[in-house]
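The structure appears right after this line, and notes come after that.
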Amino acid sequence: PATPDRDLEMRFVVAGDQPETSVMASPPRAGEAGHLALAIHPRLEVSDDETLAREVVIALDASSSMHGRSIELARAAALATLDGLRASDTFRVITFSDVVRALDSDALPATEANLARAREMVRGAIALGATEMVPGVQAALEPASDPARLRMVVLLSDGWIGNEAEVLRAIEGSLGQ
């Protein structure tokens with residue numbers, strides 16, 4: 001068996017006019033439950049009117065452990081996420097270390113003016129302070145501005161924390177809001 005001590009990166013191309021499905025199954029062994037994985041790959045081209053409106057929350061770890069390449073990669077991922085927003089989407093940007101900062105108190109429409117403000121905030125994020133992930137995660141998971149929107153939280157961090165159990169409890173306590 002492989003030891004899960006590093007990231008596993010998988011890249012594949014999804015294309016086609018119709019959704020594609022695949023199923024992987026493993027039978028039960030020695031009194032243990034079996035497992036089933038179902039993947040549904042959407043069509044390559046989907047019009048905006050066929051998709052749900054989204055609220056995208058970008059939570060960027062700006063603690064001192066992110067100094068150097070980590071903050072550069074996190075900024076790039078945040079900027080790519082902002083570039084992928086549709087006009088029908090809303091978004092929030094949060095940076096956290098020992099202080100939580102938000103672009104705005106509410107989710108903003110993905111207008112060019114709001115996106116420009118968000119890009120400026122992301123580019124200006126400086127890796128400074130202690131990693132206090134719980135307040136950052138709680139801010140990212142605050143109740144959605146519009147429950148009719150599909151909410152997506154993008155957490156960008158190097159993962160250098162020592163209180164994983166506390167972070168997971170905070171996430172579990174926020175689910176379903």
Side-chain angles (χ1 to χ4, degrees), residues 4-12 14 42 46 48 51-177:
D5 61 351
R6 62 191 56 129
D7 293 341
L8 171 65
E9 185 174 324
M10 295 176 50
R11 295 176 185 237
F12 58 93
V14 177
V46 179
D48 285 350
T51 60
L52 292 172
R54 302 176 299 183
E55 177 185 334
V56 178
V57 181
I58 300 169
L60 191 146
D61 179 350
S63 64
S64 58
S65 69
M66 293 286 289
H67 183 77
R69 187 80 172 132
S70 294
I71 195 79
E72 291 171 12
L73 291 171
R75 283 187 200 122
L79 293 170
T81 301
L82 291 168
D83 289 344
L85 294 176
R86 300 183 301 255
S88 60
D89 294 332
T90 60
F91 71 97
R92 295 172 53 218
V93 177
I94 296 165
T95 62
F96 65 92
S97 56
D98 48 1
V99 175
V100 176
R101 292 181 176 88
L103 178 64
D104 199 275
S105 58
D106 293 316
L108 300 172
T111 64
E112 279 308 313
N114 288 335
L115 289 169
R117 286 180 52 219
R119 288 182 186 104
E120 182 179 336
M121 180 180 181
V122 168
R123 287 185 185 112
I126 297 171
L128 184 65
T131 307
E132 293 186 18
M133 191 171 280
V134 171
V137 166
Q138 288 173 328
L141 296 177
E142 286 177 352
S145 298
D146 180 355
R149 291 181 176 276
L150 173 64
R151 187 163 209 211
M152 302 171 76
V153 176
V154 180
L155 176 62
L156 302 168
S157 174
D158 59 6
W160 283 95
I161 59 171
N163 61 337
E164 291 87 351
E166 185 181 353
V167 172
L168 292 173
R169 279 192 301 275
I171 292 169
E172 184 178 28
S174 297
L175 293 178
Q177 291 186 12

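A search for salt bridge (Lys or Arg N to Asp or Glu O under 4.0 Å) contacts involving Asp98 returns nothing, not counting sequence neighbours.
Atom CG of Leu73 sits in a crowded spot, with more than 12 heavy atoms from other residues, nucleotides or ligands closer than 6.0 Å. The number of heavy-atom neighbours closer than 6.0 Å to CZ of Arg101, taken from other residues, nucleotides and ligands shown, is 12 or below.
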Start with the C-alpha gap between Leu60 and Met121, add the side-chain angles, then the distance that decides, and say whether side chain to side chain contact (heavy atoms under 4.5 Å, CB included) holds. CA-CA 11 Å; Leu60 191 146; Met121 180 180 181; over 6 Å; no

Using the rule given for side chain to side chain contact (heavy atoms under 4.5 Å, CB included), can you reason through Thr51 versus Arg86, listing the C-alpha separation, both sets of side-chain angles and the distance that settles it, and then say yes or no? CA-CA 10 Å; Thr51 60; Arg86 300 183 301 255; 3.3 Å; yes

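Residues Thr81 and Met152 are not in side-chain contact: their nearest non-hydrogen atoms beyond the backbone lie 4.5 Å or more apart. Side-chain atoms of Met66 and Arg75, non-hydrogen and from C-beta on, never get closer than 4.5 Å to each other. Between Ile58 and Leu156 the shortest side-chain heavy-atom distance falls below 4.5 Å. Side-chain contact between Val93 and Arg117: absent, with no pair of heavy atoms (C-beta onward) separated by less than 4.5 Å. In this structure the side chain of Val154 never reaches within 4.5 angstrom of the side chain of Phe91, judged on heavy atoms. Side-chain contact between Glu132 and Val100 is absent, with no heavy atoms from C-beta onward closer than 4.5 Å.
Listed for the Thr90 side chain is no donor-acceptor partner under 3.5 Å among the backbone atoms of Pro109.
Every pair passing salt bridge (Lys or Arg N to Asp or Glu O under 4.0 Å) that includes a residue from residues 58-71 is listed here, sequence neighbours excluded: Arg69-Glu72.
Scanning all heavy atoms of the two residues, the minimum distance from Ala125 to Thr95 falls at CB-CG2, 4.3 Å. Smallest separation of non-hydrogen atoms from Ala127 and Ser63: CB-O, 3.3 Å. In this structure, Ala78 and Val122 approach most closely via the heavy-atom pair CB-CG1, 3.8 Å. Looking at every heavy atom in both residues, Leu85 comes nearest to Ala110 through CB-CB, 4.1 Å.
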